[in-house]
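Chain naming here is simple, since letters A, B, ... match the order of the sequence lines and numbering starts at 1 in each.
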Number of protein chains: 2
Amino acid sequence: MQVANASNAYRLAYETIRNQILTGELTGGTKLIEERLAQKIGVSRTPVREAIRRLEQEGLIQEKRVYKPTIADIIHSSEFRTLIECYAIKKAANNMSEENLKYLKQAVLDAKTGSVEEIVSANNRFHSLIIAESNNPIMIQEAKKMDAIFYLFNRTLILNKRPLLYEEHVQIYKAIEARKPELASRLMKEHLECDLQFMLRYTRKYK
Amino acid sequence: MQVANASNAYRLAYETIRNQILTGELTGGTKLIEERLAQKIGVSRTPVREAIRRLEQEGLIQEKRVYKPTIADIIHSSEFRTLIECYAIKKAANNMSEENLKYLKQAVLDAKTGSVEEIVSANNRFHSLIIAESNNPIMIQEAKKMDAIFYLFNRTLILNKRPLLYEEHVQIYKAIEARKPELASRLMKEHLECDLQFMLRYTRKYK
DNA sequence: TTGTAAAATAGTTCATTCAAAAGTATGAGG
DNA sequence: CCTCATACTTTTGAATGAACTATTTTACAA
């Protein structure tokens with residue numbers, strides 16, 4: 001997880017709360033109480049309130065509670081993400097530089113072994129590198145925002161050892177390297193669909 | 001423009017500032033001064049600050065200034081929007097109910113004549129109805145957020161009487177009615193591309 | 001018990017305050 | 001006349017207090 005960038009109280013509050021949600025320290029549905037958060041973070045209520053407003057807009061907090069994605073939410077996020085990634089990957093297959101291809105390959109390899117954190121991180125890097133090829137900062141930013149929500153369940157994929165994750169990434173990488181946009185896009189779509197299905201299986205178990 | 005929903009000071013501040021940005025009362029680049037805003041709205045600085053945090057996350061405020069889209073921003077937003085709308089319109093062409101088709105037709109007709117506000121509003125309704133057919137609340141919400149930015153320049157299209165806007169909407173409507181997803185999608189793409197080009201011409205003129 | 005009203009407690013909202021930072025004007029020295 | 005240091009002003013950041021609201025607990029009657 002990212003280290004909090006605490007240039008001021010508001011930022012500290014924002015980063016701290018956000019991290020706690022993403023790492024699962026604050027679990028879905030938990031009621032957020034300004035004063036307690038303020039105390040814990042070591043700032044006053046004002047910056048906490050500002051942080052909450054921002055996180056509300058970001059979707060991680062709803063009605064003073066930690067957002068808990070429903071099954072429908074997961075499906076919808078996945079659909080949206082698929083749209084963006086499949087678009088970006090076509091551009092990637094057409095334009096990705098040799099240098100970026102190297103980074104991409106590294107991300108694939110890094111996700112083969114290691115701790116959960118390492119795998120999640122390499123996994124995210126893989127997808128980020130592809131989205132970056134959209135060359136569209138607005139799209140990149142939107143995808144990043146969605147990541148917050150995805151992060152919550154990406155961990156589940158790893159923790160539960162979703163099979164073939166590595167193999168699929170290899171296939172996708174090869175399609176990009178071979179400059180085959182349509183194939184890459186199809187593989188990505190299938191890959192994300194598998195993620196979703198795997199996710200849903202586990203989500204239902206909890207519920 | 002939407003009427004402010006002032007159930008509390010924070011909401012009042014948020015809606016007021018947002019509206020002022022969208023209507024152009026607060027123009028791009030303007031420095032926002034908390035105290036002056038607070039005074040004008042009739043609340044204290046605290047809720048104003050919360051509103052600003054939220055608007056920052058929404059993209060309408062950046063570094064305490066009213067967001068002023070650059071040409072690159074306009075191009076990127078347009079690309080993103082095109083991606084979403086072309087996706088949604090295929091679903092629309094496949095699934096739109098007869099009832100919704102009626103509303104869509106009405107939106108097309110309403111945008112033929114009337115005041116600028118009326119045309120802008122009908123125009124937005126047309127696009128919203130199509131996006132709604134994605135049946136994906138997350139996508140709908142994202143598109144809505146982008147609308148805030150688009151609104152700023154959609155007005156320009158009307159004010160400057162972009163030609164063929166009505167005719168293109170008719171063509172798109174017909175493609176949906178005829179249940180031709182690929183055609184509809186292509187027409188939408190061309191339509192949005194024309195919007196963009198027209199926009200760029202005017203944007204360059206200003207600066 | 002069970003339901004309900006009153007009281008107590010906890011939490012939120014907003015205004016106010018003060019300190020720190022940023023910005024601006026003024027004037028002395030080049 | 002320009003430049004830079006210094007004083008002054010404006011603006012922001014953050015804490016706190018007071019008023020209001022919601023929630024929980026308690027107490028008592030049915």
Interatomic distance, NE2@B:His76 vs CG@B:Leu196, rounded to 0.5 Å, equals 10.5 Å

_Could you tell me if B:Gln39 and B:Glu35 have a donor-acceptor pair between their side chains, going purely by distance under 3.5 Å?_
no

Whole-Å distance, B:Arg11 CZ to C:dC14 C1', equals 16 Å

The residue among A:Arg186, A:Glu85, A:His127 that forms side-chain contact (heavy atoms from CB on, under 4.5 Å) with A:His191 is A:His127

Next on the checklist: Whether the A:Asn100 and A:Glu133 side chains hold a donor-acceptor pair (N or O, under 3.5 Å, no angle test) is what I'd like checked.
Outcome noted: yes

Here the distance between atom P of D:dA15 and atom CD of A:Glu50, to the nearest Å, is 10 Å

B:Arg53 CZ to D:dT12 P, in whole Å, measures 11 Å

- With B:Arg125 as the cation and B:Tyr103 as the aromatic partner, state whether NZ or CZ is under 6.0 Å from the six-membered ring centre and within 45° of the axis. no

From NZ of A:Lys64 across to P of D:dT21 the rounded distance in Å is 15 Å

From OH of B:Tyr10 across to C1' of C:dA15 the rounded distance in Å is 18 Å

> Do you see a donor-acceptor pair shorter than 3.5 Å between the side chains of A:Tyr14 and A:Glu58?
Replying inline: yes

Any side-chain N or O of A:Arg49 less than 4.0 Å from the OP1 or OP2 oxygen of C:dT13? yes

What residues 29-44 of chain B contributes to the DNA chain C interface at heavy-atom separation below 4.0 Å is B:Val43, B:Ser44

Listing time: all N or O pairs from protein to nucleotides 18-20 of chain C that are below 3.5 Å?
none

Separation of D:dA19 atom C1' from B:Asn8 atom CG, nearest Å, is 15 Å

- B:Lys112 atom NZ, neighbour heavy-atom count above 12 within 6.0 Å: no

Does NZ in A:Lys68 sit with more than 12 non-hydrogen atoms of other residues, nucleotides or ligands closer than 6.0 Å? no

Q) Would you say the side-chain atoms of B:Glu15 and B:Asn19 include a donor-acceptor pair closer than 3.5 Å? A) no

Rounded to whole Å, the CD-P distance (B:Glu63 to D:dG13) equals 12 Å

